[in-house]
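Note that the structure is a prediction, hence the values are computed from the model and not measured. Values below: all heavy atoms of this structure, side chains included; hydrogens, waters and symmetry mates excluded. Atoms within each ligand, like the ligands themselves, are counted from 1 in listed order.
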Amino acid sequence: MQLIYAAASPFARKVRVLAHETSLLERIELLDTAVLPTTLNERVNALNPLGKIPVLLNGEGEALYDSRVICEYLDTLHQGQKLLPEGASRWQVLRLAALADGLMDAALLARYERGVRPEQLRWAAWLDGQLGKVQRALAELERQAAQLQGPLDLAQIGVACALGYLDFRFADLDWRAAHPRLTAFQQAFALRASMQASEPV
Ligand code: 99T
């Protein structure tokens, strides 16, 4: 299999962490590529019309996207404990994973607004709106931090990658200040080899 990814992408990091944790990483060749909404990337566009990464070439002729689909797919390929549980906790895990993805989406839009859009075109209300989503998602994750304690699952991976992205692109937000339980979660989770091997650059 091949994973089209970028080291800065928290979405691709989720996939890499999941692959590492499930011992699938050695079956995946990592192909680094740069993507931006303002730059045509023909290779990525040919695989994913949305022009976004990550994309997984599954070795059976299919290009899979987005990160959530890839994670679900990889979770079917290993015999260990499933990271997307089938039991009663499934919907809670999926909802928390969606919240983490939404945090990443909003942070990424804020990143494009703040770091990519030409200065004279920047729209403060848009940036504030996206950062408001980030703050509300953080507050909800803090409330639900107890749900991040059990056996490893997709929600924990998503939340850890979302927080790692804030550290990478939004250090000025100082998200730890008002979120002690999330801080403790992140501190412990960041020690995993899968997280250390996938630090954003
Ligand atoms: O929006 C674009 O055209 C290009 N952006 C991306 O491909 C980003 C890279 S993170 N990926 C996504 O937005 C994927 C979202 C999708 N729902 C998924 O896979 O879950 C780049 C981060 C950075 O450089 O700061």
Side-chain angles (χ1 to χ4, degrees), residues 1-22 24-25 28 30-58 62-76 83-84 93-119 121-123 126-127 129-131 133-134 137-138 141 153-173 175 194-195 197-201:
M1 295 183 278
Q2 294 176 309
L3 183 71
I4 321 269
Y5 86 111
S9 167
F11 304 98
R13 189 180 192 189
K14 247 180 10 177
V15 173
R16 292 162 67 203
V17 169
L18 185 142
H20 193 133
E21 295 285 351
T22 55
L24 290 168
L25 200 54
I28 300 176
L30 296 175
L31 303 177
D32 197 353
T33 190
V35 285
L36 268 183
T38 47
T39 310
L40 213 57
N41 185 323
E42 299 285 10
R43 177 158 175 244
V44 173
N45 287 350
L47 299 168
N48 174 0
L50 301 174
K52 297 187 184 194
I53 51 109
V55 177
L56 181 80
L57 303 172
N58 72 351
E62 278 200 287
L64 294 180
Y65 52 86
D66 60 3
S67 63
R68 207 173 308 188
V69 174
I70 299 171
C71 286
E72 238 186 289
Y73 174 76
L74 291 179
D75 205 31
T76 67
L83 301 188
L84 238 186
V93 169
L94 275 173
R95 188 176 63 175
L96 265 185
L99 188 55
D101 282 351
L103 195 164
M104 292 183 224
D105 282 331
L108 180 60
L109 289 177
R111 151 82 186 149
Y112 287 156
E113 182 67 22
R114 197 166 80 164
V116 177
R117 189 184 289 267
E119 203 161 348
L121 298 178
R122 285 186 198 152
W123 185 9
W126 171 266
L127 181 61
Q130 299 306 330
L131 292 178
K133 291 175 199 288
V134 169
L138 284 170
L141 289 171
D153 62 31
L154 186 60
Q156 292 170 31
I157 294 174
V159 171
C161 292
L163 297 175
Y165 187 65
L166 293 183
D167 284 337
F168 179 57
R169 292 290 195 206
F170 293 89
D172 56 309
L173 274 189
W175 64 267
S194 59
M195 289 295 286
S198 59
E199 285 281 350
V201 284

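Close approach of ligand 1 to S9 (heavy-atom distance below 4.0 Å) involves ligand atoms 10 (S). Under a 4.0 Å criterion applied to the non-hydrogen atoms of P54, ligand 1 contributes the atoms 19 (O).
With hydrogens left out, the protein atom closest to atom 8 (C) of ligand 1 is L108 CD2, 3.7 Å, a heavy atom. In terms of protein heavy-atom proximity, atom 4 (C) of ligand 1 is nearest to Y112 OH, 3.5 Å. Among all non-hydrogen protein atoms, the one lying nearest atom 3 (O) of ligand 1 is P37 CA, 3.3 Å.
Backbone and side-chain nitrogen or oxygen atoms of S67 are examined, and one is located within less than 3.5 angstrom of a nitrogen or oxygen of ligand 1. Here's the thing with L50: none of its N/O atoms is less than 3.5 angstrom from an N/O atom of ligand 1.
Proximity of F168 to ligand 1 is not established, as no heavy-atom distance is less than 4.0 Å. At least one heavy atom of Y165 lies less than 4.0 angstrom from ligand 1.
The shortest side-chain heavy-atom distance between Y5 and V15 does not fall under the 4.5 Å cut-off. In this structure, the side chains of I53 and Y65 stay at 4.5 Å or more apart for every pair of heavy atoms. Side-chain contact between F170 and R114 is present, with heavy atoms from C-beta onward closer than 4.5 Å.
Closest to atom 7 (O) of ligand 1 by heavy atom, among L109, D66, T38, I53, is I53.
For the pair K14 and D66, the salt-bridge criterion is not met [side-chain N within less than 4.0 Å of a carboxylate O].
Proximity of a side-chain donor or acceptor of T76 to a complementary backbone N or O of Y73 within less than 3.5 Å is detected. Without hydrogens or angle criteria, S198 side chain to M195 main chain gives a donor-acceptor distance under 3.5 Å.
By the criterion of a heavy-atom distance under 4.0 Å, the side chain of R169, and not its backbone, is placed next to ligand 1. Neither the backbone nor the side chain of D101 has a heavy atom within less than 4.0 Å of ligand 1. Residue contacts with ligand 1, taken as heavy atom pairs separated by less than 4.0 Å, do not involve Y65 at all.
Side-chain contact annotation: N41 with T33, donor-acceptor N/O pair under 3.5 Å present.
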Scan the side chains in residues 42-51 for donor-acceptor partners under 3.5 Å anywhere in the protein, sequence neighbours excluded, and list what turns up.
residue : atom : partner : partner atom : Å
N48     : OD1  : L50     : N            : 2.8
N48     : ND2  : K52     : O            : 3.1

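Scanning for side chain to side chain donor-acceptor pair (under 3.5 Å) contacts around R68 gives D101, with sequence neighbours left out.
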